[in-house]
Amino acid sequence: MPELPEVETIVRDIRPALVGRTIRRIRLSHDDVLRGVSRRKLIRRLTGARIQRVYRRAKHAVLELDSDRLVIQPGMTGSLVVHRRPLTADDARYAVLRAELDRGGELVYRDVRRLGTLLLLNPKEWERYSAALGPEPLDQEFSAERLGNTLRRSRQAIKKVIMDQRQVAGVGNIYANEALFAAGIDPSKPARRLGPDDHRRLHAEIRRILGAAIASNGTTFRDYRTGTGDSGNFQLELLVYGREGEPCRHCGTRLTGTHTIDGRISVFCHHCQR
DNA sequence: ACGAGGTCCTGCGAGC
DNA sequence: TGCTCGCAGGACCTCG
């Protein structure tokens, strides 16, 4: 499930094959991934457009074109791969958007469950969209103090707050679970009940874990693929996610799995996390 | 301001 | 073997 490290990996992988290229032909298999743009308009605006920049913001991959931004949010099962050879039947299966490039190659957005979304925004719309998202956790502007100010204002469970894209950009379920474990914080604890020490630890652990996950090309559970079509490796380093019922790596206590926070699986050690 | 629950979507695994 | 059904979940929405 592409969160910040996965989208960062994808973007780094596909950027060299995309920047400076012109899109020759667009194929879209399903309209239901489009948000705020019609099939006709998307195809018309993308065809012949030149890709100027490729970057990540939160969990979105952004293709900056001459006058539009194609914003891709892979959701649960989305992947972005640049193919240099003709697609195999497997590659083409579930391919939602295919963009043929000049000088060969094809960018393919593949999404089995199609919970991902595509947006086409002009620069002003993109600026507004991006401004509504929280700070990038790996940027300097994301300080422990700033995180603390956010958390002090919320009665919600800490896990829900750090997964809220308006508060912190790019953290999803896997890394929220991991960061809270590493920081020794119970995921259900109301955010405003955390102290400055908690803020500092959580801030440091969010950054450390996201950085380590990027270094490992992200976490592959089932569907996630890098921009080269390979699996990530961070699943080998997860300490809690996917390990409910197994012993805590620190103290041996059986890890708890619960769905009571925002309906998403939370895995934690009730001994190490308070 | 908050929690609960529904919606989107399809593959998969459990149960019969 | 073959069917049905519930579950998975990120973002977004409504309702109480």
Side-chain angles (χ1 to χ4, degrees), chain A residues 1-8 10 28-37 39 56-62 71-80 89-97 109-119 121 125-126 128-134 137 149-180 186-194 206 210 213 218-225 232 235 238 240-245 257-267:
Chain A
M1 48 196 84
E3 304 181 26
L4 185 155
E6 289 75 30
V7 180
E8 181 66 27
I10 288 169
L28 181 71
S29 71
H30 292 78
D31 293 1
D32 54 12
V33 296
L34 303 179
R35 292 297 125 88
V37 61
R39 148 188 295 269
R56 178 193 61 76
R57 169 78 171 111
K59 303 176 189 174
H60 310 269
V62 184
V71 181
I72 301 164
Q73 184 171 48
M76 273 292 294
T77 56
S79 67
L80 272 172
D90 242 22
D91 296 331
R93 194 161 144 83
Y94 307 117
V96 177
L97 183 80
Y109 176 63
R110 187 175 185 272
D111 191 346
V112 172
R113 293 187 196 161
R114 295 201 310 283
L115 290 178
T117 52
L118 304 179
L119 297 94
L121 303 176
E125 290 167 334
W126 165 243
R128 213 175 309 140
Y129 186 94
S130 179
L133 298 168
N149 288 337
T150 300
L151 300 186
R152 263 192 292 275
R153 279 186 273 111
S154 175
R155 299 168 197 264
Q156 295 188 46
I158 177 61
K159 177 160 176 267
K160 192 174 177 189
V161 179
I162 60 173
M163 288 175 64
D164 184 337
Q165 298 302 296
R166 296 166 299 185
Q167 310 298 339
V168 183
V171 175
N173 199 29
I174 294 176
Y175 300 109
N177 276 301
E178 295 297 313
L180 288 165
D186 184 326
S188 64
K189 191 165 180 172
R192 58 154 49 174
R193 289 189 35 224
L194 300 181
I206 287 172
L210 292 176
T219 301
T220 297
F221 252 76
R222 182 189 301 269
D223 298 280
Y224 164 67
R225 292 294 178 271
Q235 64 277 9
L238 298 176
V240 286
Y241 185 85
R243 298 193 63 245
E244 58 268 34
T258 170
H259 286 268
T260 52
I261 306 166
D262 208 26
R264 296 191 178 97
I265 184 91
S266 297
V267 187

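Quantities reported herein were computed from a predicted structural model and do not represent experimental measurements. Any value given below was found using the heavy atoms of this structure, including those in side chains, with hydrogens, waters and symmetry copies removed. Letters go in sequence order (proteins before strands), and every chain restarts at 1.
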| Counting only N and O atoms by type, is there a donor-acceptor contact under 3.5 Å from the side chain of Glu244(A) to the main-chain atoms of Thr258(A)? | no
| request: Output yes when at least one side-chain N/O atom of Ser154(A) is less than 4.0 Å from OP1 or OP2 of dC2(B), else no. | output: yes
| Between dG11(B) (C1') and Tyr94(A) (OH): distance, integer Å | 7 Å
| field | Spacing of Asp31(A) atom CG relative to dC8(B) atom P, expressed in whole Å | value | 16 Å
| said: Could you tell me how far apart Arg114(A) (CZ) and dG11(B) (P) are, to the nearest whole angstrom? | reply: 9 Å
| message | Applying side-chain contact (heavy atoms from CB on, under 4.5 Å) to Ile72(A) and Leu80(A), what does each step give before you reach the verdict? | response | CA-CA 9 Å; Ile72(A) 301 164; Leu80(A) 272 172; 3.9 Å; yes
| message | Can a donor-acceptor pair be found, under 3.5 Å and without considering hydrogens, that links the side chain of Arg57(A) to the backbone of Ser130(A)? | response | yes
| query | Just how far, in rounded Å, is C1' of dG5(B) from CD1 of Ile261(A)? | reply | 17 Å
| Full working for side-chain contact (heavy atoms from CB on, under 4.5 Å) between Phe221(A) and Leu238(A) | CA-CA 11 Å; Phe221(A) 252 76; Leu238(A) 298 176; 3.5 Å; yes
| Would you say Arg155(A) has more than 12 foreign heavy atoms packed within less than 6.0 Å of its CZ? | no
| note | To the nearest angstrom, the CZ-C1' distance between Arg222(A) and dC9(B) comes to 15 Å
| request: Provide, to the nearest angstrom, the distance between the CZ atom belonging to Arg166(A) and the P atom belonging to dA1(B). | output: 11 Å
Any protein N or O atoms within reach of nucleotides 9-12 of chain C? Criterion: under 3.5 Å, listing atom names and distances.
from	atom 1	to	atom 2	distance (Å)
dG9(C)	N2	Arg113(A)	NH1	3.4
dG10(C)	OP2	Arg264(A)	NE	3.1
dG10(C)	O3'	Lys59(A)	NZ	3.2
dG10(C)	N7	Arg264(A)	NH2	3.4
dA11(C)	OP1	Lys59(A)	NZ	3.4
dA11(C)	OP2	Lys59(A)	NZ	3.1
dA11(C)	N7	Arg264(A)	NH2	3.1

| remark: From CD of Gln167(A) across to P of dC2(B) the rounded distance in Å is 10 Å
| query | Who passes ring-ring contact (aromatic ring centres under 6.0 Å, His included) against Tyr129(A), sequence neighbours left out? | reply | His60(A), Trp126(A)
| task | Looking at every strand, decide which applies to Asp111(A) at a 4.0 Å heavy-atom threshold: base, sugar-phosphate, or nothing. | result | nothing
